[in-house]
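Counting starts at 1 for both ligands and their atoms, in listed order.
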Amino acid sequence: MSILVLGGAGYIGSHTVYALCEQGRDVVVIDNLATGHIESVHPKAKFYKGDIGDKEFLNDVFKKENIEAAIHFAAFSLVGESVEKPLKYYENNLSKTRVLLEAMVENNIDKIVFSSTAATYGEPERVPIMESDRTEPTNPYGETKLAMEKMFKWTGKAHGLRYVSLRYFNACGAYKDGNIGEDHNPESHLIPLILQVPNGKREFISIFGNDYPTSDGTCIRDYIHVSDLAQAHILALEYLEKGGESDIFNLGNGVGFSVREVIETARKVTGHPIPAKETARRAGDPAQLIASSEKAKTVLGWKPCHDSLEEIISSAWNWHKNHPDGF
Ligand code: UDP
């Protein structure tokens, strides 16, 4: 039987497809290529170009393929854009996932692993953040992901579907051979933007805010390697295959780094001075986001392997320096 990966041509999706194929699993990828890259799809995976909001298309794939479980990455994920265009996010993330769930229920596919986000918490009450902490998103992106989690919960209760929701912190890094990596257009994430400087694509990196209540005044985030995230999806899938109950897990390293520390590490890794300019805060950025991933470690047996920031940035640099224009 095959594992269906929705959004398998995106950043985290493509790394998970690589990990599944390495495990010898049969993988079917669905992606509309709105933001994904066909070049990032593993050659052993079977690819269908189409939209998860198109039920006829989904039914067609479900009839042709023998799908055991789904892993769902197909969503928009830009916080700023979600504030400007909330309905685009409600349509793409929530409405289309409703169609997907309908098709899954009708075709008796009863297991799904789902990409969620630290943005479901909003401004945290405390760090490290636990799964049981308050969820009060501060933007439509986080709201739609939280609403998706709830849609899974109620669909599960009514129709026997089981899900694992994985709340990622800051995904970064690239596949070990440097052939696939992060390629967003436009790019908005800190590490790829920093690496555009040594790549000659940007003159300096902006530091958004220097007056946060943190050790050096800049925001602190928990950076987690994309391959560690990929492994967590496989463990979540195995957990559901063994009969595990629906549940939610944070995924992070449990260690926070400030924007200044990330830039300093990138200077060390690339040997480039990477000039930085301090600018105004970016709207909606919490001062500190650090995960407690104890639950994922205890219940799923997850163990992140890439916990040094230097190693994470080196792996990202290995991709970006060889692919300055992305795929
Ligand atoms: N950031 C920054 N300059 C940039 C891009 C990001 O200072 O050009 C900061 C941003 O304010 C946040 C951190 O870097 O505190 C990580 O941002 P990113 O967009 O990578 O991830 P997020 O935490 O928003 O998911």
Side-chain angles (χ1 to χ4, degrees), residues 10-12 35 73 75-84 89 93 115-124 127-129 135 137-146 166-174 181-199 201-226 229 250-267 274-291 309 312-313 315-317 319-320:
Y11 174 43
I12 306 171
T35 55
F73 298 94
F76 289 148
S77 62
L78 299 178
V79 169
E81 184 189 53
S82 79
V83 176
E84 281 161 29
Y89 278 67
N93 294 2
S115 313
S116 189
T117 166
T120 51
Y121 295 107
E123 191 67 50
V127 290
I129 302 170
T135 45
T138 50
N139 53 64
Y141 167 62
E143 285 288 6
T144 56
K145 288 280 177 166
L146 189 59
L166 299 174
R167 291 181 177 161
Y168 319 146
F169 282 60
N170 287 62
C172 46
E182 196 166 5
D183 178 6
H184 297 117
N185 192 14
E187 189 49 76
S188 69
H189 293 108
L190 181 64
I191 293 176
L193 285 174
I194 293 174
L195 296 176
Q196 285 180 358
V197 182
N199 252 346
K201 305 242 147 214
R202 171 179 296 273
E203 282 180 16
F204 61 89
I205 182 73
S206 300
I207 296 176
F208 295 154
N210 60 5
D211 57 352
Y212 284 96
T214 59
S215 49
D216 65 15
T218 66
C219 287
I220 291 182
R221 294 288 180 272
D222 183 335
Y223 295 90
I224 179 78
H225 197 285
V226 65
L229 292 181
N250 285 340
L251 298 177
N253 269 315
V255 184
F257 292 98
S258 72
V259 173
R260 284 191 216 282
E261 285 172 323
V262 176
I263 297 170
E264 201 42 55
T265 308
R267 288 180 179 134
I274 312 184
K277 280 193 191 162
E278 293 176 11
T279 62
R281 288 183 177 197
R282 185 172 70 178
D285 272 341
Q288 246 194 103
L289 291 174
I290 301 173
L309 185 61
I312 289 175
I313 295 181
S315 107
W317 181 227
W319 154 256
H320 287 289

For [X] and [Y], test the side chains for any donor-to-acceptor distance below 3.5 angstrom and give the result as yes or no.
| X | Y | result |
| --- | --- | --- |
| H225 | S315 | yes |
| E81 | Y89 | yes |
| Y168 | S116 | no |

With [X], which residues qualify under side-chain contact (heavy atoms from CB on, under 4.5 Å), at least two apart?
| X | value |
| --- | --- |
| S258 | D216, T218, I220, R260, E261 |
| P137 | E143, L146 |
| N199 | K201, W317, H320, K321, P324 |

Let me know which protein residues bring a heavy atom to under 4.0 Å of ligand 1; chain then number is fine for ordering.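 N170, S188, H189, L190, L193, I205, S206, I207, F208, C219, R221, Y223, V259, R282, D285.
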
